[in-house]
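Keep in mind the model is a prediction, meaning the values are calculated, not measured. The sequence lines fix the lettering, A, B, ..., with proteins before strands; numbering per chain opens at 1.
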Amino acid sequence: MPNAAMSDISTTPRPEIRHDFRNAEPRWQQAWAERRCFNVPDVPDGDKPKYYVLEMFPYPSGKIHMGHVRNYTLGDVVARYKRARGFQVMHPMGWDAFGLPAENAARERGVHPGKWTYDNIANMRAELKRMGLSIEWEREFATCDVEYYGQQQALFLDFFKAGLVGRKESWVNWDPVDNTVLANEQVIDGRGWRSGALVEKKQLSQWFFSITDYAQDLLDALGTLDRWPERVKLMQGNWIGRSEGARVRFALTEGGEVEVFTTRPDTLFGMSFLAVAAEHPLATAAAALNPAAAAFIAECRSMGTSEVAIEQAEKRGFDTGFRVKHPFIEGASFPVWIANFVLMEYGTGAIFGCPAHDERDFEFATKYGLGINQVVAPANGEAVKLPFTDEGLATNSGFLDGLGTVAAKRGAIERLEAMGVGTGVVNWRLRDWGVSRQRYWGCPIPFIHCEACGVVPVPAEQLPVKLPEDVDFSRPGNPLDHHPTWKHVNCPQCAKPARRETDTFDTFVDSSWYFARFCSPRAAEPVTRAAVDAWLPVDQYIGGIEHAILHLLYSRFFTRAMQQTGHLNVAEPFAGLFTQGMVTHESYKSVDGRWLYPEEIDFALAADGSRSATLKEGGTPVTIGRVEAMSKSKRNTVDPGAIIDKYGADTARWFILSDNPPERDMEWTESGVAGAHRFIQRVYRLAATPGGGSDAAASKKLRQATHRTIAAVTEAWESFSFNVAVARVHELGNAIADAEAADPAARQEALEALTRLISPAMPHLAEELWSLLRPGSAELVAELPWLDADPALLKADSLTLAVQVLGKLRATIEVAVDADEATIFAAAEAEENVQRALEGRPIRKRIHVKGRVVNFVV
RNA sequence: GCCCACCUGGCGGAAUGGUAGACGCAGCGGACUUAAAAUCCGUCGCCCGUAGGGGAGUGGGGGUUCAAGUCCCCCGGUGGGCACCA
């Protein structure tokens with residue numbers, strides 16, 4: 001069966017009328033390009049409103065995959081539809097071109113990262129062009145173009161001047177054998193992915209963006225993003241993680257103090273210990289005095305984050321011997337522990353433990369025999385089961401006794417502030433964004449380190465700081481760092497020998513403003529104000545849910561930073577966001593557990609309908625596995641190029657839209673593609689074959705179907721219900737095929753409407769059909785305005801009403817559109833089935849919902 | 001553990017509180033063909049019935065309503081996000 005579908009249906013000679021997509025698709029692509037159908041000025045002219053459609057730009061890995069096909073098809077539907085709707089549509093494309101894979105290729109194959117990247121771009125651009133996307137290729141750029149990253153450096157210096165950039169020490173994964181910093185995904189089971197050496201944590205001085213300055217605004221503004229998916233807003237909200245509480249300074253009995261953050265200052269009277277993170281200075285101090293403390297800290301550090309799962313339930317601690325005084329209870333003091341569950345990165349790296357009202361503290365106190373003092377009672381007076389973490393009434397809490405949790409928090413903070421030992425604060429989960437990467441293939445950070453002057457920005461006239469071409473990947477580490485000359489420069493301030501910053505930017509920086517650069521991609525400044533003022537924000541942004549947090553949050557931050565530095569004047573970059581699902585496919589495994597490509601397999605269908613599979617070579621059985629996201633490692637990928645060769649771009653586009661709602665994961669199936677192609681050929685045959693009769697009723701019926709379809713498909717394209725749009729188009733196709741008696745004018749109208757309705761999805765076929773239907777016409781469907789349904793034809797002549805008795809369907813009746821209620825009730829009651837269901841019982845209530853239903857209550 | 005989403009025929013899915021299963025895929029029967037492919041016609045959720053028709057039915061249980069896939073409550077399952085977050 002699948003063999004049949006796999007056979008090359010387009011090369012088999014046959015006499016029928018067929019759409020020759022191999023000839024047609026390149027021809028129409030050329031026609032659009034020649035007419036510059038998709039070009040818009042940097043500053044929109046005329047009175048057409050603007051619409052900016054953008055899909056997340058691809059990483060140039062070498063080949064496009066089905067995820068790209070889906071992403072860019074969805075965007076192209078929106079772009080083409082909005083264009084027809086009278087908008088000036090900007091729809092650009094570019095390349096997220098810096099990143100680690102290019103360096104890996106350099107190390108593995110000796111090819112320069114730049115050559116590898118630009119070769120990949122050339123290849124992928126050609127593949128994308130075959131899809132017939134309505135993209136304005138004149139705006140294309142790659143983030144590794146010096147014209148782009150040079151402007152990024154200028155932007156960074158502006159941010160620096162505005163105080164949005166800083167330097168901090170931070171921890172990195174360090175490979176001691178390769179002497180290199182590792183990204184998280186390069187650390188496998190605690191070891192470097194190449195050297196296999198145990199990864200160490202090391203502190204480096206790094207550049208940071210002060211994204212936390214905008215935490216409140218980034219959180220609040222989520223409420224204004226009404227065309228974003230709720231779950232993305234929720235994920236961003238959780239990531240930003242606002243919590244209100246207090247910072248409290250505890251005095252050590254030996255002198256000195258330690259500050260904690262808490263969200264429950266109302267439970268201070270229930271304190272029985274204080275705990276600090278292993279990296280906390282107090283822990284370091286304890287280690288200096290006590291080798292056992294040092295050993296415990298070392299143990300915590302070696303555990304690493306990946307082993308947390310193993311030790312998960314195990315709360316472990318070490319008593320430092322230090323003690324702190326309680327701020328409210330005169331004379332009371334409590335032990336200071338080092339605890340493995342306290343995070344240095346969150347709050348202050350120290351907590352006070354109140355076991356009676358916190359799960360973790362309870363577990364810890366139970367294990368180490370620390371006190372458990374109840375200080376909150378359930379408000380309803382019920383018996384308490386500890387730990388009790390809900391709100392309630394303060395008890396055993398001195399001046400707080402009797403207060404509700406909210407009031408008690410306030411009371412505790414007021415007292416702490418009055419005593420000068422604490423303050424109410426808002427704490428964020430969000431941390432500042434570290435952007436330094438110790439790599440070659442990225443945008444150089446435009447700074448110079450001078451022994452005398454410190455960190456000095458590269459003067460604007462010396463930008464761009466270009467990456468050197470001659471780099472050596474034969475030794476580990478950052479090639480910029482061991483380049484013989486590149487980093488040696490003179491200090492711009494004192495002119496003495498100095499050292500150029502050899503770190504490059506995190507590639508998330510590159511993708512945080514590319515959407516703004518598209519508005520004026522060749523400008524000699526980061527963006528042209530008139531262009532960004534005209535085009536931003538992006539009206540519809542489309543991409544994968546995997547970028548729900550970081551990329552979108554960083555872009556939102558960058559837009560604010562650019563607003564603050566006067567580069568543009570919007571806060572939110574993306575007014576509308578759509579997150580598409582993944583493309584999945586069945587996976588296959590051989591008897592010896594190897595993943596297999598679909599092409600290696602023969603399929604068979606058993607009598608009971610079950611499918612089986614065998615290896616083409618050797619005929620051994622194959623296990624048909626789960627439907628999973630397409631991935632090279634599982635070999636369940638389908639090459640878009642091969643699909644376009646075999647079926648054409650329109651088929652791929654139509655199938656990808658028809659299968660299911662675009663926000664869900666879709667399954668790529670060979671039979672589904674074949675079905676989409678079948679529809680294309682069917683429509684082409686309908687348009688190429690003259691037909692029609694002269695039956696007035698049939699004509700009217702077809703015209704009504706046409707206009708109902710126009711209304712329904714318009715609504716579906718508008719609302720991302722693309723699979724429903726496809727279904728409605730199928731219905732119109734069926735209606736045309738069935739309407740043999742309809743007159744030629746009605747048939748022509750239906751075919752023309754169908755052509756224009758499918759044009760956002762299958763642009764090549766639409767042009768081909770249009771040239772069939774309007775011979776000699778020089779028009780391009782790509783330039784035609786959208787269709788409007790005729791309201792007169794949307795009205796039906798008669799209505800079919802459901803007749804229910806006690807809410808159960810018993811019959812349907814045909815009534816005139818203008819029939820009055822009495823007539824309708826009479827007709828409904830007269831139905832034989834209705835009479836039977838009534839069983840002679842009197843009707844207590846008659847309900848009539850116009851155009852829908854009649855319901856009798858007995 | 002916390003938060004969120006989802007659960008409808010063999011499959012993908014459709015359904016402003018108003019005829020559940022549109023449309024497609026797969027299947028089945030037939031026409032055409034020497035044969036196959038392609039195409040066309042028909043059929044196609046389950047149970048009972050020759051049929052007209054009837055019954056139950058949208059993960060399970062309860063509720064609101066003349067009427068629930070849709071709204072509310074509880075439970076279960078699947079998927080996702082975050083996670084020793086103080």
Side-chain angles (χ1 to χ4, degrees), chain A residues 1 4-5 7 9 12 14-16 18 229-239 241 243 245 260-264 267 275 308 311-316 339-343 345-354 358-361 363-364 427-429 545 548-549 605 608-611 627 655 658-661 663-667 669-676 678-679 681-682 685 712 721 723-731 733-734 737 800-812 832-833 836-837 844-858:
Chain A
M1 168 274 314
S7 72
I9 55 181
T12 315
R14 66 175 67 84
E16 304 107 64
R18 290 189 70 81
E230 284 304 320
R231 61 176 176 148
V232 172
K233 288 191 274 187
L234 197 84
M235 278 153 75
Q236 293 225 345
N238 289 340
W239 186 265
S243 59
V260 306
F261 171 71
T262 177
T263 55
R264 292 296 300 273
T267 64
V308 163
E311 303 260 3
Q312 197 172 34
E314 265 273 65
K315 304 263 177 291
R316 300 173 55 216
N340 64 348
F341 64 89
V342 179
L343 300 178
E345 297 82 18
Y346 187 78
T348 61
I351 62 158
F352 84 82
C354 177
D358 183 279
E359 304 269 0
R360 280 182 329 259
D361 296 351
E363 195 183 330
F364 190 75
N427 194 59
W428 302 92
R429 186 188 172 280
I545 187 75
I549 297 175
L605 197 65
D608 64 352
S610 65
R611 287 168 67 224
V627 173
F655 172 57
S658 68
D659 188 61
N660 68 350
E663 67 275 13
R664 293 193 211 166
D665 290 353
M666 72 166 290
E667 187 188 351
T669 60
E670 190 63 31
S671 56
V673 189
R678 203 149 53 223
F679 176 73
Q681 295 298 358
R682 183 156 182 254
R685 258 193 321 274
S721 307
N723 56 324
V724 179
V726 170
R728 295 289 101 86
V729 167
H730 273 281
E731 284 173 352
N734 292 342
T800 308
L801 296 185
V803 183
Q804 301 175 336
V805 176
L806 285 171
K808 273 191 178 288
L809 180 72
R810 293 300 168 184
T812 57
E832 197 188 321
N833 276 340
R836 190 161 45 218
R844 278 219 322 258
K845 196 171 169 189
R846 295 174 168 82
I847 292 152
H848 171 224
V849 182
K850 222 171 173 312
R852 294 279 184 186
V853 75
V854 170
N855 191 10
F856 295 126
V857 185
V858 294

Would you mind classifying the nucleic acid contact of A:V726 as base, sugar-phosphate or nothing, using non-hydrogen atoms under 4.0 angstrom?
nothing

Look through every strand shown and name the nucleotide pairing with B:C25 as Watson-Crick or G-U wobble, where both distances are under 3.5 Å.
B:G10

As its Watson-Crick or G-U partner within any shown strand, both distances under 3.5 Å, B:C2 has B:G81

A:R18 side chain near B:A37 phosphate (N/O to OP1/OP2, under 4.0 Å)
no

Just N and O in the side chain of A:N734: are any of them under 4.0 Å from OP1 or OP2 of B:G24?
yes

Return the 5'-most residue of the pair A:N833, A:A737 with respect to RNA chain B, ranking by each residue's nearest nucleotide.
A:A737

Of A:T669 and A:R836, the one whose closest nucleotide on RNA chain B sits nearer the 5' end is A:T669

Nearest to the side chain of [X], heavy atoms from C-beta on, is which of [options]?
| X | options | result |
| --- | --- | --- |
| A:T800 | B:U19, B:A22, B:G24 | B:U19 |
| A:R678 | B:C25, B:U19, B:G81 | B:C25 |
| A:R682 | B:U19, B:C84, B:C40 | B:C40 |
| A:K808 | B:G81, B:A22, B:A56 | B:A56 |
| A:R231 | B:C66, B:C4, B:U39 | B:C4 |

Should the heavy atoms of other residues, nucleotides or ligands under 6.0 Å from CZ of A:R429 be counted, would the total exceed 12?
yes

Compare all side-chain heavy atoms of A:F352 with those of A:D361 and state whether any distance is below 4.5 angstrom.
no

With the sugar-phosphate defined as primed atoms, P, OP1 and OP2, and the base as all remaining atoms, what B/S/- string results for nucleotides 10-18 of chain B, 5' to 3', for protein heavy atoms under 4.0 Å?
--SSS-B-B

Answer yes if the side chains of A:R664 and A:N723 hold a donor-acceptor pair under 3.5 Å, and no otherwise.
no

For the pair made of CD in A:Q236 and C1' in B:G80, what is the distance, rounded to whole Å?
16 Å

Syn or anti for B:G9, please, going by whether the chi angle lies within 90° of 0.
syn

